[in-house]
Structure formats: structure tokens, C-alpha cells
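First comes the structure, then the notes that go with it.
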Protein chains: 2
Amino acid sequence: MNIGDVAERSGVPAKTIRYYEDIGLVTPLRAANGYRSFREIDFRKLAFIGRARALGFTIEDCRTLLALYNDDNRESAQVKAVAEEHLRQIDEKISKLMSMKETLSSLVHQCAGDHRPDCPILADLAVSD
Amino acid sequence: MNIGDVAERSGVPAKTIRYYEDIGLVTPLRAANGYRSFREIDFRKLAFIGRARALGFTIEDCRTLLALYNDDNRESAQVKAVAEEHLRQIDEKISKLMSMKETLSSLVHQCAGDHRPDCPILADLAVSD
DNA sequence: ATAGGAGTTCCAGTGACTGGAAGGTCAATA
DNA sequence: TATTGACCTTCCAGTCACTGGAACTCCTAT
């Protein structure tokens, strides 16, 4: 498979796949003409990474998860630990965003949004305690 | 005020303040010894930016909001539009994170997390449709 | 005189791509 | 056979908003 095929099949953009090769995440073969030549296993790896990334795992997490996937002696506890840590970080991000959202939407509701200059949003930002 | 004072008062790290000067967000004066010399107005600007950043506004948003703040002819509708657009983006991020969280936490619950290698998390990531 | 805690500039790195330029390769068509 | 156009290659730069560190100067107190 050329990079275009594997990009389409895996949903990972060609440009991203080249980047993944750069950082050593995938190592496709090379054809005589210099084109990258992807085996089925490369495709599966990319699809795996694509799904992990879609769940928000970092590239380093992907490395870890791939290593665990290929490790016959892994313990599911190791995988679970990675996932749980990631979940914690997701929760953190969510609560930060929710608190921003609350503050901001309350300000937005207070703002008339008309032609006059008076604006509680700006007023709030300008408060120098 | 030197940079350290204004950093402490505004809560914006000195390093970040220098960066803000680089990109033209603040323009403190300079003392004879080359030190940055912050006026009260510089401090207030930095505090404004700090609060806007804490609400997740981008640097470009901060520029816009500062311009509006200093514009006597602004209409609150302009400010509200910026805030509402930002709010939309926050909502988008939240729902992305929530959907990740749901998928991931369901997988985590299915995973025994013991010494055995069988792991539904890895199994899910490895599915090649 | 010296020590330390400020401040200064400049360069490089972060994460995970993404865009674009300049060029080589391949398959199909005129 | 020439050419078009789609695909591939490498390399460099940019994104966003900082952050770390090195090498240096400056100020204040002892």
C-alpha cells in the first residue's frame, strides 16, 4: 500500500503518517522508487494510533499502549492505569472548561448586546482588585 | 514598577509579560538602566489580559477585547459577539471531551485491571473495521 | 569588595501536527 | 511519444502561548 491508500483506510492524513514515521511510531518499508510501502501490520498500527488519538491519548500514551499491546506478558492493570490517568486529565479539562463556561455565560447574559457601549463583560475583565 | 512587581500584582509571570511585550500586547517604558518600567495603566492592561486568558480567550481575542475596551464608540454587541463565539468553542471542546470520557470510562469499567493480559481497552483500540 | 537577587537578551523546545515549495514517479490518454 | 495530472518525495517554516536555560548586567545590603 502507498501512503494514500493507508491514509484513506485508516483515516489518518498522509502528512500525519509521515510525521509519525519521523518520530518513530511507524516504520513502513520503502519501494524501489522511494515510495513508502505499508504492510497490513503498518495499517493496523496506524488505525490503532488513530483511535487512541481520537480518545485523546497523547503520542507518548500511544507508544505505551502499542508496547503493551505487543507485550504478551502485559497485565491489564497497566493498560487500565494509563487509561485512568488519561481519564483524570480529561475530567480536569472538563471542569476547567465548565467553570469558564459558567462565568462567561453569566456575563454574556448580563450583556445587552446592543449599540450602546456599556458592557458587563468588559467591566468584569477590567476589575483591578 | 519593575517587571517583578507587576508580575506579582497581576499574577502574570514575568516571562509571560516579556513575551506579551514581544508580540506587542503591552508596551512598558524603559528606565535608564534598561529595565522595563511599568505604569499603572500597563498593570491594568496585564491584569485585564490575565483575566481574559483565564476565561480561555485567545491572545487575538485579548487584542480585540482591549481595543473594544479602549474604544469609546464600541457597541456592547461587538463584545458579546466575541464572547459568544468563544462560548461556542468552549461548548465544542466540552462535548468532545465528554464523548471521549464516556467511551473511555466504559472501557475502563470493562477492564479487570489485574495481572492477566486480556484487556478490552486494547481490544477496542485494535479493532480494524 | 562581595554576594545575592533582581533584571536583561537571545535561543531553543514544547505537542502534534499542518502548509507549502520544489521536485521525482506513474498510469492513462492524445 | 509526449504530456497531463494525480500521486509521491524531502525539507523548511509556522501554529499557539508560552517556558526553560544560558550568559550577561544591575542594584542593594552587608
Side-chain angles (χ1 to χ4, degrees), chain A residues 1-38 42-43 45-46 48-66 85-86 89-90 92-93 96-97 100, chain B residues 1-38 42-43 45-46 48-66 85-86 89-90 92-93 96-97 100:
Chain A
M1 276 181 286
N2 282 348
I3 199 167
D5 310 316
V6 93
E8 196 180 1
R9 278 185 66 194
S10 68
V12 179
K15 203 104 211 207
T16 304
I17 297 174
R18 290 194 195 98
Y19 167 70
Y20 286 168
E21 190 191 17
D22 263 12
I23 62 170
L25 258 190
V26 273
T27 46
L29 302 176
R30 290 290 174 143
N33 59 11
Y35 285 19
R36 287 172 185 79
S37 177
F38 294 83
D42 297 315
F43 158 69
K45 206 169 185 175
L46 280 168
F48 184 104
I49 296 165
R51 263 184 300 274
R53 293 287 300 129
L55 287 178
F57 284 105
T58 65
I59 293 289
E60 282 317 299
D61 284 340
C62 290
R63 259 188 239 281
T64 306
L65 291 170
L66 279 168
E85 171 58 23
H86 180 41
Q89 301 196 355
I90 288 177
E92 231 174 79
K93 283 187 192 168
K96 238 180 216 162
L97 286 167
M100 285 179 188
Chain B
M1 275 181 287
N2 282 348
I3 200 168
D5 309 317
V6 93
E8 196 181 1
R9 277 186 65 194
S10 68
V12 179
K15 202 103 210 207
T16 304
I17 297 175
R18 290 195 195 99
Y19 168 71
Y20 286 167
E21 189 189 17
D22 263 11
I23 62 171
L25 258 191
V26 273
T27 46
L29 302 176
R30 290 290 174 144
N33 59 11
Y35 284 20
R36 287 171 185 80
S37 177
F38 294 82
D42 297 315
F43 158 69
K45 207 168 187 176
L46 279 168
F48 184 104
I49 297 166
R51 263 184 301 273
R53 293 286 301 127
L55 287 177
F57 285 105
T58 65
I59 293 288
E60 282 318 299
D61 284 341
C62 290
R63 258 188 241 280
T64 306
L65 292 170
L66 280 168
E85 171 58 23
H86 180 41
Q89 302 196 355
I90 287 177
E92 231 174 79
K93 283 187 193 167
K96 237 180 217 161
L97 287 168
M100 285 179 188

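Remember, it's a predicted structure, so these values are computed and weren't measured experimentally. Lettering of chains follows the sequences in order, A, B, ..., and the numbering in each one begins at 1. Below, each value reflects all heavy atoms present in this structure, side chains not excepted, and no hydrogens, waters or symmetry copies.
- Distance CG (B:L25) to P (D:dC16): 13 Å, rounded to an integer number of Å.
- Here the side chains of B:F48 and B:L65 are in contact, with some heavy-atom distance below 4.5 Å.
- Between A:R36 and C:dT25 there is no side-chain N or O to OP1 or OP2 distance below 4.0 Å.
- For the pair B:I17 CD1 and C:dA6 P, the interatomic distance rounds to 15 Å; values are reported in whole Å.
- Residue contacts shown for A:I3 are limited to sugar-phosphate atoms, with no base heavy atom under 4.0 Å away.
- Minimum heavy-atom separation, A:I3 to A:F38: CA-CE1, 3.6 Å.
- Note on A:R18 versus A:E21: no salt bridge recorded, every NZ/NE/NH1/NH2 to OD/OE distance being 4.0 Å or above.
- Following rounding to the nearest Å, A:D61 (CG) and C:dG15 (P) show an atom-to-atom distance of 12 Å.
- The phosphate of C:dC26 (OP1 or OP2) has a side-chain N or O of A:N33 nearer than 4.0 angstrom.
- Nearer the 5' end of DNA chain D, as judged by each residue's closest nucleotide, is the contact made by A:R18, out of B:Y20 and A:R18.
- Look at CE on A:M1: it is 17 Å from P on D:dC7, rounded to the nearest Å.
- Smallest separation of non-hydrogen atoms from B:L25 and B:I49: CD1-CD1, 3.8 Å.
- Among the protein residues, B:F57 comes within range of no part of the nucleic acid, since none of its heavy atoms lies under 4.0 Å from any strand.
- In this entry the distance linking CG of A:L29 with P of D:dC8 reads 16 Å, nearest Å.
- When rounded to the nearest whole Å, the span between CD1 of B:I59 and P of D:dT15 equals 14 Å.
- Within 6.0 Å of the CD atom in A:E8, the count of heavy atoms belonging to other residues, nucleotides or ligands does not exceed 12.
- Annotation: of the two residues near DNA chain D, B:Y35 and A:E21, the 5′-most nearest-nucleotide partner is A:E21.
- Distances shown here put every side-chain N or O of B:T58 at or beyond 4.0 Å from the OP1 or OP2 atom of D:dC16.
- In this entry the distance linking NZ of B:K15 with P of C:dC11 reads 13 Å, nearest Å.
- Within the structure, every side-chain polar atom (N or O) of B:T16 is placed at least 4.0 Å from both OP1 and OP2 of D:dA17.
- The interatomic distance linking A:I23 (CD1) with C:dT14 (C1') rounds to 13 Å, in whole Å.
- Between D:dC18, C:dT18, C:dT8, one nucleotide has an atom nearer to the side chain of A:Y19 than all others, and that is C:dT18.
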